[in-house]
Asker: 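So that we are looking at the same thing, I have put the structure below in structure tokens.
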2 protein chains.
Amino acid sequence: MPVPLYQAKAEFFRILGHPVRIRVLELLQGGPMPVRDLLAEIDVEPSSLSQQLAVLRRAGIVSATREGSTVVYELSTSDIADLMRAARRILTEMITSREGLLAELKAAEEEDR
Amino acid sequence: MPVPLYQAKAEFFRILGHPVRIRVLELLQGGPMPVRDLLAEIDVEPSSLSQQLAVLRRAGIVSATREGSTVVYELSTSDIADLMRAARRILTEMITSREGLLAELKAAEEEDR
DNA sequence: CGACCAATTGAAGAATTCTTCAAGTCATCT
DNA sequence: AGATGACTTGAAGAATTCTTCAATTGGTCG
């Protein structure tokens with residue numbers, strides 16, 4: 001019996017809900033990347049990055065292959081990019097509409113003087 | 001100084017990472033809905049649903065308006081639907097590719113006999 | 001082989017998030 | 001006003017997740 005889809009969805013989003021993991025996914029959108037390079041871009045300690053990479057790996061969102069002494073990561077599916085795009089659209093939408101609200105409040109405040 | 005976008009993204013996904021909250025968002029895609037109806041669809045206690053609705057409200061993802069003695073919720077932005085669609089695509093993709101892998105493993109196992 | 005770099009793992013304590021229950025608010029009805 | 005129904009809130013303990021550090025694995029080089 002399969003896990004209900006809404007539960008799988010929740011779990012999936014929960015996995016994305018971490019700053020380091022998001023950074024990793026954003027970087028991997030440009031193509032496969034060795035840990036070394038991820039480390040250079042994301043301000044975090046090696047062991048900490050590894051922990052988060054392990055989370056993404058267990059969830060099947062990224063996969064790793066060893067090449068000599070370095071390990072290269074890549075997205076399991078390029079669809080991730082769409083998701084990120086959708087998220088960005090929502091966030092900018094939410095932020096600008098909230099700024100709009102703030103502006104209105106501020107204007108109302110001015111009028112009160 | 002604004003919060004870095006990747007951090008806002010992580011926070012946003014974290015908010016989506018809960019089964020009840022996902023169910024709510026799915027249901028609200030059909031349009032505004034009173035708490036009563038949400039309660040009828042989602043197997044959860046009233047106070048528990050309220051807690052999760054509060055999380056979504058604080059994040060600005062849904063908004064509530066009181067109409068008489070009932071409270072009606074709705075999505076703050078309809079873009080949420082796109083996000084859900086993208087997530088569903090990724091999940092089904094990941095699941096089917098994993099099933100493919102399982103099938104291969106099973107076949108290899110047969111050969112071993 | 002021994003030293004060293006790259007990355008991962010295990011484990012423990014700290015921090016966050018969930019669940020639940022009792023109490024509270026707001027509107028409606030008699 | 002008092003009682004009832006619809007939701008929400010606050011708070012405490014349980015459960016999860018994060019962070020960090022020490023130990024470990026795999027590979028390369030002298």
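Below, chains carry the letters A, B, ... as their sequence lines are ordered, and counting in each starts from 1.
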Asker: Of A:R14 and A:L53, whose closest DNA chain C nucleotide lies nearer the 5' terminus?
Answerer: A:L53
Asker: Can you measure from CG (A:D82) to CZ (B:R85) and round to the nearest 0.5 angstrom?
Answerer: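 The CZ atom of B:R85 is 11.5 Å from CG of A:D82, to the nearest 0.5 Å.
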Asker: Heavy-atom contacts under 4.0 Å between residues 33-42 of chain A and DNA chain C, which residues?
Answerer: A:V35, A:R36
Asker: Would you kindly compare A:R66 and A:Q52 by the position of their nearest DNA chain D nucleotide and give the one closer to the 5′ end?
Answerer: A:Q52
Asker: Between B:L25 and B:M84, is there a side-chain heavy-atom distance shorter than 4.5 Å?
Answerer: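 Yes; the side chains approach each other to less than 4.5 Å.
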Asker: Using a 4.0 Å cut-off to any heavy atom of chain A, which nucleotides of DNA chain C are the first and last in contact, reading 5' to 3'?
Answerer: C:dA6 to C:dA11
Asker: Say whether A:V72 and A:M33 are linked into one hydrophobic cluster, either directly or through other cluster members, by side-chain heavy-atom distances under 4.5 angstrom.
Answerer: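 No; tracing contacts between hydrophobic side chains, which count when under 4.5 Å, never links both residues.
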Asker: Quick one: label A:S50 by what it contacts on the DNA or RNA (base, sugar-phosphate, nothing), any heavy atom closer than 4.0 Å.
Answerer: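 Base contact.
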Asker: Classify the side chain of B:Q51 versus the base of D:dG10 as yes if they form a donor-acceptor pair under 3.5 Å and no if they do not.
Answerer: yes
Asker: Determine the minimum heavy-atom distance between A:A87 and B:F13, stating which atoms define it.
Answerer: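 For A:A87 versus B:F13, the nearest heavy atoms are CB-CZ, 3.5 Å.
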Asker: Phosphate oxygens OP1/OP2 of D:dT8: is one of them under 4.0 Å from a side-chain N or O of B:Y73?
Answerer: yes
Asker: Looking at D:dC21, does its base get a donor-acceptor pair with the side chain of A:S47 below 3.5 Å?
Answerer: yes
Asker: If you look at every strand shown and take non-hydrogen atoms under 4.0 Å, does A:T70 touch a base, only sugar-phosphate, or nothing?
Answerer: sugar-phosphate
Asker: Quick one, A:L83 with B:L83, criterion side chain to side chain contact (heavy atoms under 4.5 Å, CB included). Give me CA distance, side-chain angles, the key distance, then yes/no.
Answerer: CA-CA 6 Å; A:L83 192 77; B:L83 192 76; 4.2 Å; yes
Asker: So, do B:I90 and A:I61 sit near enough that their side-chain heavy atoms are less than 4.5 Å apart?
Answerer: no
Asker: Working to the nearest 0.5 angstrom, can you tell me the gap between A:Y73 OH and A:L38 CG?
Answerer: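 Between atom OH of A:Y73 and atom CG of A:L38 there are 9.0 Å.
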Asker: Just verifying a value: how many Å separate A:R89 CZ and B:I80 CD1, rounded to the nearest 0.5 Å?
Answerer: 10.5 Å
